[in-house]
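Okay, structure first, notes after.
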Protein chains: 2
Amino acid sequence: MSIPIKTVVPRQIDTIKMNPEIISLVKEYFTELSEPSLQEEIAKVGVIREFKEGEIIMNFGSFVTAVPLVVKGSIKVVREEEEDNKEVLLYFLNAGETCSMSFSCCMMDKRSDIRTTAEDDSKIIAIPIKHVNDWMSKYPSWRNFVMRSYDSRMQELVKTLDSIAFKKMDERLWEYLLKRSKAHHSNIIHSTHQTIANDLNASREAISRLLKQLEKKGAISLERNKIVLL
Amino acid sequence: MSIPIKTVVPRQIDTIKMNPEIISLVKEYFTELSEPSLQEEIAKVGVIREFKEGEIIMNFGSFVTAVPLVVKGSIKVVREEEEDNKEVLLYFLNAGETCSMSFSCCMMDKRSDIRTTAEDDSKIIAIPIKHVNDWMSKYPSWRNFVMRSYDSRMQELVKTLDSIAFKKMDERLWEYLLKRSKAHHSNIIHSTHQTIANDLNASREAISRLLKQLEKKGAISLERNKIVLL
DNA sequence: TTGAAATTGTGATCTAGATCACATTCGGAT
DNA sequence: ATCCGAATGTGATCTAGATCACAATTTCAA
């Protein structure tokens with residue numbers, strides 16, 4: 001730590017202004033983070049960022065400098081295999097969730113990595129990473145929050161893994177449709193068969209056929225660029 | 001909890017003796033945990049446990065009461081699908097590593113959805129869960145250790161996931177053999193084809209045939225219950 | 001030594017999906 | 001209205017592995 005210079009240090013630490021919108025967002029979506037002083041700190045250093053549907057949020061070739069608290073919309077996290085241009089959906093992050101994989105996101109091995117895009121128009125509070133660590137010691141609720149979030153990411157990953165390992169495409173497709181519907185808070189999914197096929201690392205034809213089957217069973221109805229869960 | 005008997009409580013809290021073996025094991029395998037007072041606490045509450053090869057350490061559905069710090073051998077972590085009795089290997093934990101799945105299990109106080117067995121004769125330091133949490137606030141190095149361990153488990157999980165999602169059985173088999181060889185610090189693997197097939201969620205016949213191919217390519221040599229990497 | 005069980009080898013099907021090759025339909029720009 | 005490209009439908013192969021059905025081999029215990 002350097003010797004504090006009167007005029008500078010107080011500004012950074014004390015008089016930096018809080019963003020009142022952030023406080024209310026945290027109160028609304030992250031009720032677990034109930035310590036007022038923590039909420040204030042978040043409001044001081046957090047930055048609100050918005051993304052339009054389809055926008056790429058992070059390409060993890062580079063280091064991650066902030067952890068996102070999702071307050072609106074939904075963020076799609078996908079694993080990519082560059083060689084054959086393949087990919088699989090890992091999970092969606094919805095409002096109230098975060099991805100605190102602070103170290104790992106960035107430094108996977110190089111030939112394949114993780115991409116996150118806005119599945120919907122989305123809004124996040126970006127927390128610079130150094131605070132993520134500081135707060136771990138200062139605020140028990142933050143610590144719990146981070147641990148809990150690590151845990152649920154882990155759980156989702158394992159769930160995804162065993163869908164892929166154990167289940168057939170029809171079942172995976174159905175689960176996928178449910179997830180997307182949930183992410184959008186709507187039973188209407190705007191998407192082409194091709195996009196779905198990509199997310200599931202399957203062929204477009206296979207997906208089209210399986211969707212037809214679901215339609216015949218009365219589980220969904222199909223239109224161009226649109227699937228309605230019934 | 002029973003009513004404390006005078007002579008017992010002080011022993012447990014203050015004069016409990018440290019296990020000197022634990023201190024040296026921590027120093028050797030967990031250099032990151034460098035705070036002396038942390039090492040002492042570990043030596044006080046940690047319990048050394050040994051498992052013979054093949055022994056089940058924690059089964060699917062059981063409650064986790066301690067977090068293992070692996071100091072010898074290797075622990076196999078497997079995900080099970082009860083219905084069809086299928087399973088997949090998630091990863092091995094080697095000396096110097098710990099299982100963050102167990103963190104989440106105990107912190108969330110829920111049943112395990114994985115099974116862990118000793119892949120080799122193994123030794124762990126078992127840390128009762130309540131300390132795991134206490135230390136998070138007390139010891140920065142412990143906190144970092146836990147976070148880092150979550151991270152690396154996560155990475156392994158993602159790696160496993162994309163092997164399953166993107167790769168064919170021959171490649172998965174080869175990676176598997178390398179992992180096991182590494183886990184045993186030996187290029188000789190004692191195992192039946194059936195066991196391998198289980199770990200990869202494949203059929204025994206497929207594995208036998210692929211192993212034959214690898215042998216023909218000169219990558220391995222095969223004997224009963226034994227595979228030698230060349 | 002002689003079973004008997006565990007392990008491995010091998011061929012014959014069978015199946016989910018991939019891949020290929022198109023035909024059809026829809027919807028928006030001109 | 002019409003044209004073009006994107007989205008979807010559909011059939012014909014092809015392939016990795018699963019599954020089934022055994023045979024052959026090894027190990028070990030009685």
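In what follows, every chain begins at residue 1, and chains take the letters A, B, ... in the order their sequences are listed.
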Between S122(B) and E50(B), do the side chains contain an N or O donor and an N or O acceptor separated by less than 3.5 Å?
no

Is the closest side-chain donor-acceptor distance between S74(B) and N94(B) under 3.5 Å?
yes

Exactly one of L89(B), L210(B), I207(B), T195(B) should register a side chain to side chain contact (heavy atoms under 4.5 Å, CB included) with L200(B). Which one does?
I207(B)

Taking all non-hydrogen atoms of both residues, which atom of M136(A) and which atom of V132(A) are closest, and how far apart?
CG-O, 3.1 Å

Give me the atom names and distance for the closest heavy-atom approach of I23(A) to M18(A).
CD1-SD, 4.3 Å

Flag side-chain contact, heavy atom, 4.5 Å: T98(A) against L93(A)
no

Y91(A) ring centre to R153(A) NZ or CZ under 6.0 Å, with the angle to the axis within 45°?
yes

Counting only heavy atoms not in K182(A), do more than 12 fall under 6.0 Å of its NZ?
no

Salt bridge or not for R79(A) and D162(B), using N-O below 4.0 Å?
yes

In whole angstrom, give the distance that lies between atom [atom1] of [X] and atom [atom2] of [N].
| X | N | atom1 | atom2 | answer |
| --- | --- | --- | --- | --- |
| E171(B) | dG17(D) | CD | P | 11 Å |
| K212(B) | dG17(D) | NZ | P | 19 Å |
| K167(A) | dA18(D) | NZ | C1' | 20 Å |
| I227(A) | dT8(D) | CD1 | C1' | 12 Å |
| Q213(B) | dT8(C) | CD | C1' | 16 Å |
| M169(A) | dA18(D) | CE | C1' | 17 Å |
| R172(A) | dA18(C) | CZ | C1' | 14 Å |
| D170(A) | dA16(C) | CG | C1' | 10 Å |

Establish, with yes or no, whether the OP1 or OP2 oxygen of dG17(D) is under 4.0 angstrom from a side-chain nitrogen or oxygen of K168(B).
no

Using heavy atoms and a sub-4.0 Å distance, could you list which residues of residues 192-211 of chain A are near DNA chain C? By number, please.
N201(A), A202(A), S203(A), E205(A), A206(A), R209(A)

Atom pairs under 3.5 Å: protein N/O with N/O of nucleotides 27-30 of chain D:
{"residue": "dT27(D)", "atom": "O4'", "partner": "R224(B)", "partner atom": "NH1", "Å": "3.4"}

